[in-house]
Number of protein chains: 2
Amino acid sequence: MRLVIARCEVEYTGRLSAHLPMATRLVMVKADGCVAVHSDEGAYKPLNWMSAPNHLEEREGEWLVTNPAGERLLVRFEEVLSDSEHALGVAPGLTKDGVEAEMQRLLAEAPFVLEEGLSLLRREYPTDLGPVDLLCRDPAGQVVAVEVKRRGEIGGVEQLTRYLERLNRDPVLAPARGILAAQAVTPQARTLAAARGITCVEVDYDSLRGVEGNALRLFTP
Amino acid sequence: MRLVIARCEVEYTGRLSAHLPMATRLVMVKADGCVAVHSDEGAYKPLNWMSAPNHLEEREGEWLVTNPAGERLLVRFEEVLSDSEHALGVAPGLTKDGVEAEMQRLLAEAPFVLEEGLSLLRREYPTDLGPVDLLCRDPAGQVVAVEVKRRGEIGGVEQLTRYLERLNRDPVLAPARGILAAQAVTPQARTLAAARGITCVEVDYDSLRGVEGNALRLFTP
DNA sequence: GTGTATATCTCGGGG
DNA sequence: CCCCGAGGTATACAC
């Protein structure tokens, strides 16, 4: 990894055109060839960047970075204050405990926490608009599509509406109804869901893990 | 900006739990207090980060970063290879020429490229769900809502559907129909649009700029 | 502050 | 390869 602290100006043209006026910034060049320009604020987003694969051409006082997609980043240096190279070597990946994936897994094992008597037909039931997170059946025999989200927002209601539209074209499944399951549901999403006849259920993640624990204990005393 | 190259391991707990095993990485601390951990690949995303405002506690061999939201980042150092501080000063902001904004401007000047005889009623016509990009009228007098996107995707169709729902509650405007204008429209968006009676028009950005040139020449010979 | 739309989003998975 | 969905998304903007 090469770290350059320099007074520079930057031009990017590609998916849009952007210009950074002359100022002191950090220019990073990583082992995979990608380039990022950072200011002294903001942890996440670089001001400008070019992702690998790309080509870095070092000219007199400027760097030209180009990629196969025709994007172009030009860094013009006025004064280089520091320029260092560091060998980092390969790094093991990040391990995450995702929330939505686990929520879906837990709800698949215990759909009845959403509504009494609910039983699972299938996880990731495919439609031509995408997979339904959980396809269930209620005690009355009606099909229930469940969309699992960490946060229940308007987009989740729209997504579930589209799925229901498709499911209800299948006479075997129709009439299907929907449940939006989330740790929290915004008032707007709740309103829209109500207007569409969709039920919202707020799920407590920790209780859900508890339910799993209890269910396991039933079978492994 | 402080740049530390070090063998370290990282724990994050907050919106989820994540762990980075021991390896050599870059740890950046910026002037606003935010912290980012980068590996030697990927221009854009840090492996871990904490955005400002937060608090950095330097202990023996480790840093603990906490924020008011209760998130927590722990960097445990095994070996520090480099540690440097750089004064960057304030930087002027990034200027951008967006694509969607200009497309909207060009189409407002020449709505007839979307459909023969279309004329502009208003740009950014306000509804209580947000502004309609272009409100137009066709030669038959029907109101046409136009949603402008760089890429036409399902979200754009949903957005336009919600706007139409609102417009059609106004007896003065009803019955309104919709056009999704984009440089490219995905097949799924096209399918959904068809099912909703929404027209998709693919707009060639360069031709559009040409149309503007022609229109200007008509009035400035 | 909340909610919504956007992003040079990035990133990964599935057809 | 494209399309789609998720993200500790971040970020800007309106209410």
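Just so we're on the same page: letters track the sequence lines, and every chain starts at 1. None of these values were measured; they are calculated from a predicted model. As a basis for the values below, the full set of heavy atoms in this structure was taken, side chains included, without hydrogen atoms, waters or symmetry mates.
- A stacked arrangement is not assigned to B:Y44 and the six-membered base ring of C:dC9, the conditions of a centre distance below 5.5 Å and an interplanar angle below 30° not being jointly met.
- Phosphate contact (OP1/OP2 of C:dT10, side-chain N/O of A:K45, threshold under 4.0 Å): absent.
- Atom CD of A:E124 is separated from atom C1' of D:dG5 by 10 Å (rounded to the nearest Å).
- Positionally, the nearest nucleotide of DNA chain C for A:P187 lies more toward the 5' end than for the other of B:D133 and A:P187.
- By the 6.0 Å contact criterion, CZ on B:R123 is enclosed, its count of non-hydrogen atoms from other residues, nucleotides or ligands being greater than 12.
- Residue whose closest nucleotide on DNA chain C sits further toward the 5' end, between A:E153 and A:L73: A:E153.
- DNA chain D is contacted by both A:A43 and B:Y12; B:Y12 maps to the nucleotide lying nearer its 5′ end (nearest heavy atom per residue).
- With rounding to the nearest 0.5 Å, the separation of CZ in A:F77 from CE in A:M22 is 10.0 Å.
- Summarising the geometry, atom CD1 belonging to A:I198 is positioned 11.5 Å from atom CZ belonging to A:R177; distances are rounded to the nearest 0.5 Å.
- The side chain of A:E147 has D:dA6 as its nearest neighbour among D:dA6, C:dT4, C:dT8.
- As a whole-Å value, the separation of A:N48 CG from C:dT10 P is 13 Å.
- With hydrogens and angles left out, the side-chain atoms of A:T161 and A:R196 include a donor and acceptor closer than 3.5 Å.
- For D:dC4, the OP1/OP2 oxygens have no side-chain nitrogen or oxygen of A:R162 closer than 4.0 Å.
- The phosphate of C:dT2 (OP1 or OP2) has no side-chain N or O of A:R151 nearer than 4.0 angstrom.
- When the side-chain nitrogen and oxygen atoms of A:Q159 are compared with OP1 and OP2 of D:dC4, none of them lie within a distance under 4.0 Å.
- Ranking D:dC4, C:dT4, D:dG8 by closeness to the B:I154 side chain, first place goes to D:dC4.
- One finds no side-chain N or O of A:Y163 lying less than 4.0 angstrom from the OP1 or OP2 phosphate oxygen of D:dC4.
- Interatomic distance, CD of B:Q159 versus CG of B:L164, reported as 11.0 Å (0.5 Å rounding).
- Phosphate proximity of C:dT6 to B:K149: present, with a side-chain N or O under 4.0 Å from OP1 or OP2.
- Projected onto DNA chain D by closest heavy-atom contact, B:V185 and B:W49 fall at different nucleotides, the more 5' of which corresponds to B:V185.
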